[in-house]
Q: 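Following this message is one structure expressed as structure tokens.
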Amino acid sequence: MDAERAGPRERLGAALFARVAGPEGPAVRQRIHGTPGPRRFGPDRPIRRVHGDAAMFVGGLAALLVQSLHPAAMAAVAAHSGYRSDPWGRLQRTSTFLAVTTFGTDQDARAAVERVRAVHARIRGATAAGAPYRADDPHLLAWVHAAETDSFLRAHQAYGAAPLDAAGCDGYVADTAEVAADLGVERPPRSRAELDAVLRAYRPELARTAEAREAARFLLLHPPLPWAVRPAYGALAAAAAGLPAPEHRALLGLPADRLSAAAARPFGLAVVRAIRWAMPVPRGTA
């Protein structure tokens, strides 16, 4: 359908897709879903249900907030990711990686993992406190993976079209562990209980650094968006801010009580439903 004949639903969906997938998005989507070949995850696997749902928009933003609490992870993001100078490029690269490793052929998924590992191998630096870091450190990779997996699962359970049962939650964590292991995470958690234990173990290392505060302000209050869409983004940001565990919200300087989290839920439901309406799930995704 051309732009002149498209209705509001199609125009909104195309605009959203362009933001998250970039100019090559349609071709990449066709390659991911249209290329024949074996896939790691079958159509019944929880990872496909979670990563194919509009709730990922909330989970992705929440993951960035939680990940920022590790000083080394945040220092690496601030110095090397270009999240301020090229936030959409970073989003597009991340969303493409998730799509390829979840829905793509084994060959494409392996190639995507190798590209990320090559990038990680080049990233070195030090935090503001002088602590050295490297992006391929298995301990740092494990934190990034745990925070991301927890955020995506929380978002799906709160806003997904078909939340998972207990076995499905364990299955999702186990599915993501396969990709994490390929990226260099040692012994990634394979159940919800193991994931919770990993997150607790990192608690003494977390802090709200100046870089983390700046990232939160950028993500929640000053996104690079036209004013016309700021209200919708504000609803998304409110949902993401209410999603993390109370201890993580407290560290982020966000309200950590249940009432505040519950107050954000209507905003999250509204924005996720709007995204789901505008961007129907492609055939073979969920």
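Side chains included, hydrogens not; waters and symmetry mates left out as well; all remaining heavy atoms used.
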Q: Counting C-beta onward and ignoring hydrogens, is there a side-chain heavy-atom pair between Val100 and Arg31 closer than 4.5 Å?
A: yes

Q: Evaluate whether atom CD of Glu205 has more than 12 neighbouring non-hydrogen atoms of other residues, nucleotides or ligands under 6.0 angstrom away.
A: yes

Q: Is His80 reaching over with its side chain to a backbone N or O of Arg124, donor-acceptor style, under 3.5 angstrom?
A: yes

Q: When you look at Arg273 and Arg276, which way does the side chain to side chain contact (heavy atoms under 4.5 Å, CB included) test go after all the steps?
A: CA-CA 5 Å; Arg273 285 168 181 164; Arg276 190 175 291 125; 4.3 Å; yes

Q: Answer yes or no: is there an ion pair linking Asp106 with Arg39, defined by an N-O contact shorter than 4.0 Å?
A: no

Q: Any donor-acceptor pair under 3.5 Å linking the side chain of Thr176 with the backbone of Val173?
A: yes

Q: Are any non-hydrogen side-chain atoms of Val50 and Met56 less than 4.5 angstrom apart?
A: yes

Q: Could you list who else is in Val185's hydrophobic cluster, with ILVMFWY side chains joined at under 4.5 Å, directly or through other members?
A: Leu141

Q: Measure from the side-chain N and O atoms of Gln67 to the backbone N and O of Ala147, and report whether any donor-acceptor pair falls under 3.5 Å.
A: no

Q: In terms of ring plane angle, is the pair Trp143 and His70 parallel, tilted or perpendicular, where the classes change at 30° and 60°?
A: tilted

Q: If the plane angle is over 60° it's perpendicular, under 30° parallel, otherwise tilted; pick one for His33 and Phe103.
A: tilted

Q: Atom CZ of Phe152 and atom CG of Leu98: how far apart are they, to the nearest 0.5 Å?
A: 5.0 Å

Q: Does Leu243 belong to the same Ile/Leu/Val/Met/Phe/Trp/Tyr cluster as Leu221, with side-chain heavy atoms less than 4.5 Å apart forming each link?
A: yes

Q: With respect to Arg40, which candidate in Thr101, Thr105, Asp182 satisfies the side-chain hydrogen bond (donor to acceptor under 3.5 Å, both in side chains) definition?
A: Asp182

Q: Run the side-chain contact (heavy atoms from CB on, under 4.5 Å) test against Pro223 and tell me which residues pass, sequence neighbours left out.
A: Leu225, Arg230, Tyr233

Q: Decide yes or no for Arg258 and Pro246: does some side-chain heavy atom of the first lie under 4.5 Å from some side-chain heavy atom of the second?
A: no

Q: Does some side-chain heavy atom of Val271 sit less than 4.5 Å from a side-chain heavy atom of Phe57?
A: no

Q: Is the side chain of Thr102 donor-acceptor paired with the backbone N or O of Ala99 at a distance under 3.5 Å, no angle test?
A: no

Q: Taking atom OH as the centre, does Tyr133 end up with more than 12 heavy-atom neighbours from other residues, nucleotides or ligands that are less than 6.0 angstrom away?
A: yes

Q: Name all pairs fulfilling the side-chain hydrogen bond (donor to acceptor under 3.5 Å, both in side chains) condition that reach into residues 245-257, sequence neighbours left out, sorted by first residue then second.
A: Asp257-Ser260

Q: What I'd like to find out is whether the side chain of Arg154 reaches to under 4.5 Å of the side chain of Pro244, using heavy atoms alone.
A: no

Q: If we ignore hydrogens and angles and just use 3.5 Å, is the side chain of His156 paired with the main-chain N or O of Ala162 as donor and acceptor?
A: yes

Q: Thinking salt bridges, do Arg200 and Asp196 make one under a 4.0 Å N-O criterion?
A: no

Q: With a 3.5 Å distance limit and no angle check, can you tell me whether Thr149 reaches the backbone of Ala146 through a side-chain donor-acceptor pair?
A: no

Q: Apply side chain to side chain contact (heavy atoms under 4.5 Å, CB included) to the pair Phe267 and Val272, showing each step before the final yes or no.
A: CA-CA 9 Å; Phe267 296 100; Val272 169; over 6 Å; no

Q: Just verifying a value: how many Å separate Arg110 CZ and Arg115 CZ, rounded to the nearest 0.5 Å?
A: 12.5 Å

Q: Can you confirm whether Ile32 sits close enough to Asp108 that some side-chain heavy atom of one is under 4.5 Å from a side-chain heavy atom of the other?
A: no

Q: State yes or no: do Leu91 and Val119 share one hydrophobic cluster built from I, L, V, M, F, W and Y residues joined by side-chain heavy-atom distances below 4.5 Å, directly or via other members?
A: no

Q: Without swapping roles, check the side chain of Arg49 against the backbone of Tyr172 for a donor-acceptor pair under 3.5 Å.
A: no

Q: With a 4.5 Å cut-off on side-chain heavy atoms, are Leu252 and Arg213 touching?
A: no

Q: Would you say the side chain of Arg192 lies within less than 4.5 Å of the side chain of Leu153, judging by non-hydrogen atoms?
A: yes

Q: Is the side chain of Asp175 donor-acceptor paired with the backbone N or O of Phe41 at a distance under 3.5 Å, no angle test?
A: no

Q: Looking at Arg187, is its backbone amide N or carbonyl O close enough to the side chain of Arg190 to form a donor-acceptor pair, meaning the two atoms are under 3.5 Å apart?
A: no

